[in-house]
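In what follows, a structure is listed as structure tokens, so that the remarks can point back to it.
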Amino acid sequence: MILKETWRWFGPNDPVSLQDVKQTGAAGIVTALHHIPHGEVWPVEEINERKRIIEDAGLTWDVVESVTIHESIKTRTGNYQHYIDLYKQSLRNLAACGIKIVTYNFMPVNDWTRTSLDFLMPDGSKALYFNWFDLAVFDIYILKRPGAGQSYEAAVLLEAEKRFSNYSSRDLQQLADVVMFGIPGEQQQTTGLMLEKLASYKDIDRTVLRENLKYFLEEITPVTDEAGIKMALHPDDPPFDILGLPRIVSTGEDIEFILKAVPNKSNGICFCTGSLGANSQNDLVEIARKAGTRIHFVHLRNTKRDEFGNFYEADHLGGDTDMYSVVKEILHIQQTLPQPIPFRPDHGHQMMDDLNKVTNPGYSCIGRMRGLSEIRGLQLGISRSVALELEKNKLYAAEK
Ligand code: DNO
């Protein structure tokens, strides 16, 4: 059995229509009710309405990405218990509608972070990009986070200072918009709001944040076990501490800790090669092997790093991650399961006609379709040759 091809769709306002999605060859949809504010319950009627739209287009809604975790749950302050109860209700409602894979992340304050959304590739297409020097410019000179300077090495501070004096106010505004860019259709961050949220983590270090995640998982797993929901925790993107915040889903060791701390099978991960691959210390094949069937959802994407740890999003089969080996490993895991694990091509370059369109950064159609097609071929090639190998082994064994 091979992995199921899915596609992230941001709902009826997504410039990529469901008909477009069908033409990419993907069979499943990954989406969320982005208009519902973080923390509130997803009503059954709204879930069913979204499901109907997807099914009318001849597709299936396979995965939710994401039911976002309210900040108070991550900090375990204020009304957190109330928000956990609401979260459980959303999970029950999703299960009642037959949607049983739920992605989420536990990144404090911000979801994914980049410093440029239009990094020019040699072929004229545009990629998402993360640069530590620019992050420092944002952090120190735009956000003016107290104590920000202590988060960077001397060489980074020096380069950031140089960049800051060379950047126009338009450059700086653009940088701020990019760093604070959230999820399409969801609330936009401002520097004021961000500073406030960052301050709420002043007493939360790595150990505390881990405990808070563990507590949340212990609370929800009785519900997910009963409802047959598989939770897919998305890794930190990028997989490093940023803006003075602790990050706890960045490495193989982090993932091992989380899976062991709450051993219920419903507590699983979204295996995102793009996020994990940005850290040169991560051995992705090994992480996949160890996580095994606790991988409930897969994002396939590649990154190319430089010597400073900056990275751009490369072609799906290019970059630093050996996509062949990773897909092969996941296909091995797949063979032990009765249901296909869904995967989606994560991000793609803005290219061809999409260069003239307003698209969701990372989520234009053509670049993702290129990635999906490449992975489709890779998956088919691997699964056929593995099957051949098995056949041959059987033949040899019979001859002996
Ligand atoms: C970025 C995505 C993330 C992901 C969330 C999951 O493109 O990979 O925003 O959806 O972190 O909760």
Side-chain angles (χ1 to χ4, degrees), residues 6-11 14 16 29-34 36 38-39 42 62-71 73-74 87 90-91 94 101-117 126-130 178-189 213 216-217 220 229-240 242 245 247-250 254-255 258 267-278 295-303 311-314 316 321 342-350 359-365 367-368 371-372:
T6 65
W7 185 273
R8 190 178 202 179
W9 180 64
F10 287 101
D14 193 324
V16 182
I29 288 291
V30 176
T31 193
L33 302 181
H34 293 285
I36 296 185
H38 295 178
W42 290 19
D62 293 275
V63 181
V64 175
E65 182 172 348
S66 309
V67 183
T68 306
I69 312 279
H70 193 270
E71 282 295 307
I73 299 178
K74 296 183 214 162
Y87 201 94
S90 291
L91 294 177
L94 282 162
I101 303 178
V102 176
T103 318
Y104 69 104
N105 70 72
F106 219 73
M107 290 180 249
V109 182
N110 246 15
D111 198 304
W112 60 304
T113 303
R114 295 288 183 276
T115 55
S116 166
L117 303 176
K126 292 175 179 171
L128 306 187
Y129 179 62
F130 179 88
V178 171
V179 175
M180 293 190 294
F181 187 90
I183 302 295
E186 296 185 7
Q187 199 198 357
Q188 192 72 37
Q189 197 76 262
L213 170 59
F216 166 72
L217 286 169
I220 64 158
I229 286 203
K230 293 178 182 160
M231 296 300 292
L233 173 59
H234 189 282
D236 305 323
D237 184 4
F240 305 103
I242 57 163
L245 294 164
R247 303 263 234 179
I248 54 165
V249 198
S250 295
D254 287 343
I255 291 174
I258 295 158
N267 169 31
I269 59 161
C270 167
F271 188 80
C272 176
T273 56
S275 304
L276 293 168
I295 296 178
H296 293 158
F297 182 34
V298 177
H299 286 178
L300 297 176
R301 169 164 70 78
N302 223 316
T303 53
F311 63 88
Y312 64 84
E313 299 192 356
H316 287 75
T321 295
F343 85 90
R344 66 175 180 81
D346 193 23
H347 303 178
H349 291 164
Q350 193 181 357
T359 60
N360 288 324
Y363 290 95
S364 52
C365 185
R368 269 191 296 165
L372 176 64

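Note that ligands are numbered from 1 as they come in the structure, with each ligand's atoms numbered from 1 the same way. Both backbone and side-chain heavy atoms feed into the values below; hydrogens, waters and symmetry mates do not.
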Exercise. For D111 and ligand 1, does the shortest N/O to N/O distance drop below 3.5 Å?
Worked result: yes
For this session: Considering heavy atoms of the protein only, find what lies nearest to atom 8 (O) of ligand 1 and give residue, atom and distance to 0.1 Å.
Result: H234 NE2, 3.3 Å
Problem set entry | Shortest protein heavy-atom distance from atom 4 (C) of ligand 1, along with the residue and atom involved |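 Nearest protein contact, heavy atoms only, for atom 4 (C) of ligand 1 is E65 OE2, 3.2 Å.
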Quick one: which ligand 1 atoms are inside 4.0 Å of a heavy atom on [X]?
{"X": "Y104", "answer": "12 (O)"}
{"X": "H347", "answer": "1 (C), 7 (O)"}
{"X": "M107", "answer": "11 (O)"}
{"X": "S66", "answer": "5 (C), 6 (C), 12 (O)"}
{"X": "N105", "answer": "5 (C), 6 (C), 11 (O), 12 (O)"}

Problem set entry | pair N267-M231: side-chain heavy atoms closer than 4.5 Å | no
Exercise. Hey, does V67 have a side-chain heavy atom less than 4.5 Å from the side chain of L94?
Worked result: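 They are in contact (side-chain heavy atoms under 4.5 Å apart), so the answer is yes.
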Exercise. What's the spacing between L233 CG and F216 CZ if we round to 0.5 Å?
Worked result: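 L233 CG to F216 CZ: 9.5 Å, rounded to 0.5 Å.
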Just to be sure I read this right, does ligand 1 sit under 4.0 Å from the backbone of [X], its side chain, both, or neither, counting only heavy atoms?
{"X": "E186", "result": "neither"}
{"X": "I183", "result": "side chain"}
{"X": "Y363", "result": "side chain"}

Exercise. Which word best sums up how the rings of F311 and F130 line up, parallel for under 30°, tilted for 30 to 60°, or perpendicular for over 60°?
Worked result: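 The arrangement is parallel - the two ring planes meet at less than 30°.
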Exercise. Where does the angle between the aromatic ring planes of Y104 and Y87 fall among parallel (under 30°), tilted (30 to 60°) and perpendicular (over 60°)?
Worked result: perpendicular
Exercise. Does one side chain, of E186 or H38, offer a donor that lies under 3.5 Å from an acceptor on the other?
Worked result: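 Short answer, yes.
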For this session: Ignoring hydrogens and angles, state whether a donor on the side chain of Y363 or D346 is under 3.5 Å from an acceptor on the partner side chain.
Result: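 On atom types as modelled, these side chains qualify, holding a pair under 3.5 Å.
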Problem set entry | Sidechain-backbone polar pair: T303 side chain, E313 backbone, donor-acceptor under 3.5 Å |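 No, because the side chain of T303 does not come within donor-acceptor range (under 3.5 Å) of the backbone of E313.
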